[in-house]
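One structure below.
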Amino acid sequence: MSDHEPSLRGLWAAIIMLSALVVAMLSTAAFWVADAPAYAALGAGGATLIGVATLGFTLRKFLTE
């Protein structure tokens, strides 16, 4: 493991969270365009955000260790 790992951790967290936010917004927009109720569109976006962020952090940990 490199000496620069802690300094890049915040950068990777920001990249993963921003990507998860973009995917969640696209998911919400897709549900909204499909005339789903507002609670379903927002719920799908929230679930997508949590899922993509969790997957991103897990993949990063798997690839760096």
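Treat the numbers as computed from the prediction; the structure is a model and nothing was measured.
- Remark: Thr48 engages Ser27 in a side-chain hydrogen bond (donor to acceptor under 3.5 Å, both in side chains) (not counting sequence neighbours).
- Residues Phe57 and Met17 are in side-chain contact: their nearest non-hydrogen atoms beyond the backbone lie under 4.5 Å apart.
- In plain terms, the two heavy atoms of Arg9 and Arg60 that are nearest each other are CA-NH2, 4.2 Å.
- Through side-chain heavy atoms spaced under 4.5 Å, either directly or across other Ile, Leu, Val, Met, Phe, Trp or Tyr residues, Leu55 is tied to Leu59.
- Between Thr54 and Ile50, the closest side-chain pair of non-hydrogen atoms falls below 4.5 Å.
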Which pairs would a plain distance check flag for residues 33-46, meaning a side-chain donor or acceptor within less than 3.5 Å of a matching protein atom at least two apart in sequence or in another chain?
none

